[in-house]
Amino acid sequence: GINAEYMGQRWSYLRTSGDRPAARAGHSACVVQLPPVRGEGVAPGLRGMAPYLTKPVNAVMFVCGGVVAPGVYTDSVYALLLQSSVWIGITVRGVGPSPRGWHSMTKVARYLTIFGGRDDHKCYGDCHLLDLTRMSWHRPQHCTITDDLCESAPCPRAHHAAANYRERLMIFSGWDTTAPPFRYDVWEMQMTSQASHRQESAVLALDDCKDEVSEETARDYESLNQSRHEQQRHHARQDEVRQIDEERRRRQEEEEDRWRRLQIIEEERLRKLDEDDERRRRREAEEEQRLRLEEEQARLRRLEDLEERRRWVEDEDERRRFLIEEEDRKSREHEADARMWRLELARQELELEREVEKRKLLE
């Protein structure tokens, strides 16, 4: 496993099996001792653990709530049986706490007490009791804030500390979305009477705590607040710089994507031009071949006609007419050859102009 030593103590990696909970943050955990579970009247939530709870004392670590993904909170409950290193998903009856994180879970009497916590929208000040004998949720009376002055119960908070002192739930400090966000009060709840009252209160304003804290403590508070405000401003500046960088990267990516699209469009247009030029050259070559074939066929027919006429020429007049027609034929052939040369020159000039136009488009 993964081992590390610190101050003479040894960490050891615990390999577990079973229904493992998903990775999370802001959850709460508490180790309790459970007696063996036997008989048919076992609570439904304990039936999955019954085969493992066989010893006189069984150590079980309960895990509740937390955030499993950005903005995704859970209210699930899992139990890790420490003797066997087996995870079990717990089904709890009743109405439990809403999905949240950064709450506290403390064993007081036969209950696991869930207090406070938060999600992405608000902090909670409610209290829920998980009965370990029945695996059911309960809501104690007089445990939720009913006024803005927090006179009868602690105000909503998260990131606080909780402990069990003589079967009393002790709550200290915490963080809230209101101003000032940090709290310095202590509350207790007697589980037997289920009544909560204020034990002591230390507020953030130094003028209200002159009689309870020393000047040195007040200076420490003031320095701590200044440090927190400076950290908040630093984090705000970092967030602003990060947002500016993200916006700049986003704009750069959009610009690069726009240039890529333009390049693709230009390449497609040039490809179509090349295809059009190729088709045009093919059509011109086919037309030129057809014309040459027709010219050759006409020339052969004329030769055959001339040969036939030569055989039938018998007198001088016929020979003279033959010579005149032969000269006319030759002149017409010369004119036809000259016309062909002119057509060839015109075609070459047209191709040259199109090549110059294509180069200009590429530039």
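Residues take their numbers from the sequence shown, with the count starting at 1. Note that the coordinates shown come from a computational prediction; the quantities given were computed from them, not determined experimentally.
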Enquirer: Following the transitive rule for hydrophobic clusters with a side-chain heavy-atom cut-off under 4.5 Å over Ile, Leu, Val, Met, Phe, Trp and Tyr, establish whether I90 and L34 coincide in one cluster.
Expert: yes

Enquirer: With the threshold set at 4.0 Å, does a side-chain nitrogen-carboxylate oxygen contact exist between E254 and R258?
Expert: no

Enquirer: Could you tell me if the side chain of R118 sits less than 4.5 Å from the side chain of K122, heavy atoms only?
Expert: no

Enquirer: What I want to find out is whether E344 reaches R347 closely enough, with some N-O distance under 4.0 Å, to be called a salt bridge.
Expert: yes

Enquirer: Are P35 and N58 close enough that some pair of their side-chain heavy atoms sits under 4.5 Å apart?
Expert: no

Enquirer: How about CZ on R271, more than 12 heavy atoms from neighbouring residues, nucleotides or ligands closer than 6.0 Å, or not?
Expert: yes

Enquirer: Just how far is it from atom CE of M170 to atom CD of E188, taken to the nearest 0.5 Å?
Expert: 5.0 Å

Enquirer: Does R299 come within less than 4.0 Å of E295, counting only side-chain N to carboxylate O?
Expert: no

Enquirer: Distance check, rounded to the nearest 0.5 Å: R342 atom CZ versus M340 atom CE?
Expert: 11.0 Å

Enquirer: Which heavy atom of D328 sits nearest to which heavy atom of S331, and what is that distance?
Expert: O-OG, 2.6 Å

Enquirer: For R100 and D75, indicate whether the former's side chain and the latter's backbone hold a donor-acceptor pair under 3.5 Å.
Expert: no

Enquirer: Any salt bridge between E240 and R237, counting N to O under 4.0 Å?
Expert: no

Enquirer: Report yes if some heavy atom in the side chain of V32 is under 4.5 Å from a heavy atom in the side chain of L112; otherwise report no.
Expert: yes

Enquirer: Please give me the minimum heavy-atom distance between A162 and L169, naming the atom from each residue.
Expert: CB-CD1, 4.3 Å

Enquirer: Are any non-hydrogen side-chain atoms of C127 and R139 less than 4.5 angstrom apart?
Expert: no

Enquirer: Taking all non-hydrogen atoms of both residues, which atom of D120 and which atom of Y73 are closest, and how far apart?
Expert: OD1-OH, 2.8 Å

Enquirer: Could you tell me whether D257 and R260 make a salt bridge, using a distance below 4.0 angstrom between a side-chain N and a carboxylate O?
Expert: yes

Enquirer: Are R290 and E294 ion-paired here, with the side-chain N under 4.0 Å from a carboxylate O?
Expert: yes

Enquirer: May I ask you to decide whether R157 forms a salt bridge with D185, counting only side-chain N to carboxylate O separations under 4.0 Å?
Expert: yes

Enquirer: Evaluate salt bridge (charged side-chain N to carboxylate O under 4.0 Å, His left out) for D245 paired with R248, printing each intermediate quantity in order.
Expert: CA-CA 5 Å; D245 292 339; R248 186 177 66 253; 3.0 Å; yes

Enquirer: Can you get from V77 to L81 by hopping between Ile, Leu, Val, Met, Phe, Trp and Tyr side chains that sit under 4.5 Å apart?
Expert: yes

Enquirer: If the condition is ring pair (Phe, Tyr, Trp, His ring centres under 6.0 Å), which residues does H159 pass it with, not counting sequence neighbours?
Expert: W102, W175

Enquirer: Please report the closest heavy-atom contact between C64 and M105, naming both atoms and the distance.
Expert: CB-SD, 4.0 Å

Enquirer: Going hydrophobic residue to hydrophobic residue with side-chain gaps under 4.5 angstrom, can you get from L345 over to L350?
Expert: no

Enquirer: Who pairs with E278 by salt bridge (charged side-chain N to carboxylate O under 4.0 Å, His left out), at least two apart in sequence or on another chain?
Expert: R281, R282

Enquirer: Please report the interatomic distance CZ(R279) to CD(E284), rounded to the nearest 0.5 Å.
Expert: 13.5 Å

Enquirer: May I ask whether V63 and L132 are part of the same hydrophobic cluster, defined by side-chain heavy atoms of I, L, V, M, F, W, Y residues being less than 4.5 angstrom apart, directly or through others?
Expert: no

Enquirer: When you measure from the side chain of R332 to the backbone of K330, do you find a donor-acceptor pair of N or O atoms at a distance under 3.5 Å?
Expert: no

Enquirer: Do W137 and V95 make a side-chain contact, defined as non-hydrogen atoms from C-beta onward lying under 4.5 Å apart?
Expert: no

Enquirer: Does the distance from a Lys or Arg side-chain N to an Asp or Glu carboxylate O, for R292 and E288, drop under 4.0 Å?
Expert: yes

Enquirer: With a distance cut-off below 6.0 Å to the six-membered ring centre and an angular limit of 45° from the axis, does R20 pair with Y78 as a cation-pi contact?
Expert: no

Enquirer: Rounded to the nearest 0.5 Å, how far does CG of L273 lie from CD of E275?
Expert: 9.5 Å

Enquirer: Between D131 and R93, is there a salt bridge with N-O shorter than 4.0 Å?
Expert: no

Enquirer: To the nearest 0.5 Å, what is the distance between CD (Q289) and CG (L293)?
Expert: 7.5 Å

Enquirer: Between D19 and I88, does the side chain to side chain contact (heavy atoms under 4.5 Å, CB included) criterion hold? Intermediate values first, please.
Expert: CA-CA 5 Å; D19 185 12; I88 296 177; 5.8 Å; no

Enquirer: Please test E247 against R251 for salt bridge (charged side-chain N to carboxylate O under 4.0 Å, His left out), starting from the C-alpha separation and ending with a verdict.
Expert: CA-CA 6 Å; E247 181 68 20; R251 291 181 179 177; 3.2 Å; yes

Enquirer: I171 and Y111: same hydrophobic cluster, using ILVMFWY side-chain contacts below 4.5 Å?
Expert: yes

Enquirer: Cut-off 3.5 Å, side chains only: do T106 and S104 have a donor facing an acceptor?
Expert: no

Enquirer: Under 4.0 Å between a side-chain nitrogen and a carboxylate oxygen: does that hold for D176 and R183?
Expert: yes

Enquirer: Show the nearest heavy-atom pair for residues V86 and G18, with the distance to one decimal.
Expert: CG1-CA, 4.3 Å

Enquirer: Between R302 and D305, is the closest basic N to carboxylate O distance under 4.0 Å?
Expert: no

Enquirer: Answer with yes or no after comparing the ring centroid distance for H128 and F115 against a 6.0 Å cut-off, counting only values under it.
Expert: no

Enquirer: Is there a side-chain contact between R261 and W259 (heavy atoms, below 4.5 Å)?
Expert: no

Enquirer: I'd like to check V31 versus L82 (side-chain heavy atoms, cut-off strictly below 4.5 Å). Are they in contact?
Expert: yes

Enquirer: For S28 and H103, run side chain to side chain donor-acceptor pair (under 3.5 Å): C-alpha distance rounded to whole Å, both residues' side-chain angles, the deciding distance at 0.1 Å, then the answer.
Expert: CA-CA 7 Å; S28 59; H103 51 284; 2.9 Å; yes

Enquirer: Under 4.0 Å between a Lys/Arg side-chain N and an Asp/Glu carboxylate O for E355 and K358?
Expert: no

Enquirer: I'd like to know if the side chain of N164 reaches the main chain of K107, judged simply by a donor and an acceptor atom lying under 3.5 Å from each other, with no hydrogens or angles considered.
Expert: yes

Enquirer: Any carboxylate oxygen within less than 4.0 angstrom of a Lys/Arg side-chain nitrogen, looking at R269 and E266?
Expert: yes

Enquirer: What's the shortest heavy-atom distance between G65 and H27, and which atoms?
Expert: O-CB, 3.3 Å

Enquirer: If you round to the nearest 0.5 Å, how far is OG1 of T74 from CZ of R24?
Expert: 5.5 Å

Enquirer: Can you check whether S17 reaches W87 side chain to side chain, under 4.5 Å on heavy atoms?
Expert: no

Enquirer: Main chain of Q190, side chain of E167: is a donor-acceptor contact present, judged purely on distance under 3.5 Å?
Expert: no

